[in-house]
Amino acid sequence: MEQESFLLQARKEKLEKIRSLGVDPYPYRFERTHSLRAVIEGFEDLSSKEEIISLVGRLISLRGHGKTSFAHLTDGRGKLQIYVRQDEVGENAYSLFKLLDVGDFLGVKGGLFRTKTGEPTLKVEEFKLLSKSLRPLPEKWHGLKDKELKYRQRYLDLIANPQTKMVFEKRTEIIRFLRRFLDERGFWEVETPILQPLYGGAFAQPFLTHHQALDQTLFLRIADELYLKRLIVGGLEMVYEFGKDFRNEGMDRTHNPEFTQLELYQAYADYQDIMDLTEEMITGLAQNLNSSFQLNYQGEAIDLSPPWRRLAVKDSLLKWGEVDIERASDEELKELCRSQGIDTTELSGRGKLIEKLLDQLVEPRLRQPTFLIDYPQEISPLAKSHRSKPKVVERFELFIGGLELGNAFTELNDPLEQRKRFQALTTEKGEESKIDEDFLTALEYGMPPTGGLGIGIDRLVMLLTDQPSIRDVILFPQLRPED
RNA sequence: GGGGGCGUAGCUCAGUCGGUAGAGCAACGGCCUUUUAAGCCGUAGGUCGAAGGUUCGAUCCCUUCCGCCCUCACCA
């Protein structure tokens with residue numbers, strides 16, 4: 001802290017010197033004629049015309065040589081060298097330039113030329129300080145490596161590490177593509193409540209908050225599902241929502257307490273249609289982003305070429321668990337769990353046992369794109385029973401590179417059946433979790449046959465940007481407070 | 001929550017088999033009109049994550065705590 005104030009002090013003194021020269025270190029405006037990227041791309045043309053241009057940017061390097069200085073400016077899209085000479089800008093202006101630091105924002109005006117080494121450079125005729133920086137930026141050569149600092153002070157990470165900026169640029173492109181993809185198919189983008197009197201649509205602990213005026217407990221949503229289905233009842237037919245969901249559970253490489261999910265619902269579609277849509281959407285995305293179906297995730301080659309494997313839960317466990325879940329007794333399933341080192345004392349019901357076996361035996365093996373389909377009904381209360389297979393529902397989860405990316409159903413639209421499923425859950429849990437009567441009422445008015453999908457956007461970004469942790473694709477991931 | 005690793009200057013990192021610490025970059029002063037990790041000369045900057053213990057002496061060993069990372073568990 002002492003050290004920091006020492007460094008701060010030097011900059012504050014410069015700030016005062018600048019003010020005493022009659023210069024405002026935080027002025028309001030500077031007109032730029034070109035972005036730095038435009039200058040680099042149009043350099044030959046601009047320099048041959050000897051045009052005088054105006055540029056802005058942050059000073060990221062500074063090399064003074066007495067009465068002349070070289071520096072680099074960056075404006076977030078590009079980087080350009082500038083060259084300042086005392087005999088060009090005048091003595092007063094040059095002494096002001098000497099008071100500048102790496103980190104300051106600058107507007108410059110001049111013509112372009114190439115240095116001896118051929119680097120495109122702007123010869124400064126005039127410049128204007130646009131904003132004074134009071135703290136030193138991370139070191140120019142090694143950047144900012146400390147993960148904690150990268151997450152806590154993401155702005156420094158973005159300044160110091162171009163790769164970080166690229167990841168988040170791709171994140172923006174991914175979301176932009178998905179919106180366009182759905183908009184073009186006639187989906188409506190909608191917004192549903194984040195503050196909910198009841199929570200549902202997934203199994204997870206919620207965050208609680210309180211509304212003062214209503215004196216009411218509210219929950220931050222764990223999923224959008226039950227509201228989006230109400231809109232299907234309302235006749236919207238094709239809806240989607242990009243939204244933050246909040247789950248009050250553990251944090252790890254693939255879980256952040258708040259995360260972004262894309263949910264979409266399409267009337268008159270079933271889960272087969274949704275599989276087609278998902279495949280088309282994500283392969284289109286990869287093509288758009290990387291111009292290829294091939295990608296590398298954490299050293300592993302992944303081929304997104306369609307069609308993707310569609311593997312039934314039952315077949316997956318036959319293959320990797322050597323068990324027939326239709327025939328095996330509860331005790332046999334438990335035995336298999338135990339042989340895999342799974343603690344079965346807390347597990348009730350075949351559904352949970354099967355889910356555990358999937359976790360352990362199947363999911364880690366799903367490296368290439370795979371729709372795992374037809375899940376046990378008891379762990380899928382919002383999905384419609386399979387049209388021909390007993391005891392399973394029409395549901396899929398999507399796995400790529402071992403990441404669980406999506407979850408989808410042919411939606412259950414039988415209100416009486418839905419009520420039974422909710423009731424079975426509350427008795428199983430042995431607690432008075434409230435049933436969303438308003439949702440059931442909506443179903444009673446009639447919901448058309450519908451397919452629905454949830455995609456974990458953060459994990460999708462991880463996959464497509466080759467990042468190992470969800471924290472690397474969320475600008476401000478959840479951390480414990482310092483001290 | 002269990003196990004393992006890490007925490008030293010603003011940043012990136014050395015180091016001390018226990019004798020209160022170094023480098024590069026950044027900073028400050030000086031020289032320098034085509035440099036680009038500019039260069040040269042000089043200066044300053046640290047309660048070595050926090051607290052306690054062992055010791056003549058702790059940044060180093062021990063304990064506890066805090067934070068970060070990995071991993072297991074938990075997690076429709």
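We name chains A, B, ... by the order of the sequence lines, and we start the count at 1 in each one.
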Rounded distance (Å) that lies between atom P of B:U34 and atom OH of A:Y83: 5 Å
Integer-rounded Å distance: B:A23 C1' and A:H142 NE2: 11 Å
Salt bridge present between A:D75 and A:R37 (N-O < 4.0 angstrom): no
Who pairs with B:C48 - Watson-Crick or G-U, where each distance is under 3.5 Å: none
Between B:G49 (C1') and A:L149 (CG): distance, integer Å: 13 Å
Base partner of B:G1, which must satisfy Watson-Crick or wobble distances under 3.5 Å: B:C72
Side-chain-base donor-acceptor pair under 3.5 Å for A:E119 and B:U34: no
Nucleotide B:A44, atom C1' - distance to CD of A:E13 in whole Å: 13 Å
Span that lies between the P atom of B:C48 and that of B:U55, in whole angstrom: 22 Å
Minimum-distance nucleotide (side-chain atoms of A:A10 versus B:U12, B:C28, B:C75): B:C28
Chi angles and distances behind the salt bridge (charged side-chain N to carboxylate O under 4.0 Å, His left out) call for A:E88, A:K67: CA-CA 10 Å; A:E88 198 79 35; A:K67 295 185 176 62; over 6 Å; no
First encountered from the 5' end of RNA chain B, between A:Q81 and A:G143: A:G143
Integer-rounded Å distance: B:A9 C1' and A:Q9 CD: 18 Å
Touch class at under 4.0 angstrom, heavy-atom based, for A:K14 against every strand present: sugar-phosphate
A:Q266/A:D273 under side-chain contact (heavy atoms from CB on, under 4.5 Å): CA gap, chis, key distance, verdict: CA-CA 9 Å; A:Q266 179 171 353; A:D273 297 317; 5.9 Å; no
Spacing between A:R11 atom CZ and B:C28 atom C1', to the nearest angstrom: 12 Å
Distance-only donor-acceptor check, side chains A:T115 and A:Q81, under 3.5 Å: no
Closest to side chain of A:T115, choosing from B:U33, B:C75, B:U34: B:U34
Integer angstrom distance from the P of B:A23 to that of B:G18: 24 Å
Ion pair check, A:E394 and A:R387, cut-off under 4.0 Å: yes
Lys NZ or Arg CZ of A:R230 over A:Y227 ring: under 6.0 Å, within 45°: yes
Sugar-phosphate, base or nothing in reach of A:E139, heavy atoms under 4.0 Å: base
Short side-chain N/O contact from A:K145 to OP1 or OP2 of B:C11, under 4.0 Å: no
Base paired to B:G39 (Watson-Crick or G-U; both N/O distances under 3.5 angstrom): B:C31
Atom P, compared across B:U47 and B:U71: separation rounded to whole Å: 34 Å
Basic-acidic side-chain contact under 4.0 Å: A:K145, A:E139: no
Single hit among A:K391, A:R310, A:K389 for salt bridge (charged side-chain N to carboxylate O under 4.0 Å, His left out) with A:D374: A:K389
Might you list the N or O atoms of the protein lying below 3.5 Å from N or O atoms in nucleotides 68-73 of chain B, with each pair's distance?
| from | atom 1 | to | atom 2 | distance (Å) |
| --- | --- | --- | --- | --- |
| B:C68 | OP1 | A:R480 | N | 2.7 |
| B:C68 | OP2 | A:R480 | NH1 | 3.3 |
| B:C68 | O4' | A:E148 | OE1 | 3.0 |
| B:C69 | OP1 | A:R471 | NE | 3.2 |
| B:C69 | OP1 | A:R471 | NH1 | 3.4 |
| B:C70 | OP2 | A:R471 | NH1 | 3.4 |

Atom pair distance, as rounded to whole Å: CG in A:L62 and P in B:C28: 10 Å
Sugar-phosphate only, base, or nothing, as touched by A:A204 at under 4.0 Å among non-hydrogen atoms: nothing
Nucleotide paired to B:U20 in any strand shown, Watson-Crick or G-U, under 3.5 Å: none
Audit row: A:R114, A:E44, salt bridge (charged side-chain N to carboxylate O under 4.0 Å, His left out) steps and yes/no: CA-CA 10 Å; A:R114 275 189 198 277; A:E44 296 311 331; 2.5 Å; yes
A:D87 side-chain proximity, nearest of B:C11, B:A27, B:U33: B:U33
Distance in angstrom units between A:D157 CG and B:C11 P, rounded: 14 Å
Touch class at under 4.0 angstrom, heavy-atom based, for A:F409 against every strand present: nothing
Partner nucleotide of B:C25 by Watson-Crick or wobble geometry (both distances under 3.5 Å): B:G10
Gap in Å between the two C1' atoms, one belonging to B:U59 and one to B:G19, rounded: 12 Å
Inter-nucleotide P distance (B:G3, B:U8), Å rounded: 24 Å
Nearest-nucleotide pick for A:R85, side chain only, options being B:U35, B:U33, B:A27: B:U33
Nearest-Å distance once atom C1' is located in both B:C66 and B:C28: 35 Å
Listed nucleotide nearest any side-chain atom of A:H65, set B:A26, B:U12, B:U33: B:U33
Expected output: side-chain A:T370 to main-chain A:L372 donor-acceptor under 3.5 Å: no
Closest nucleotide among B:A27, B:U33, B:U35 to the A:F70 side chain: B:U35
Nucleotide of B:U33, B:U12, B:U34 approaching A:L144 most closely (side-chain heavy atoms): B:U12
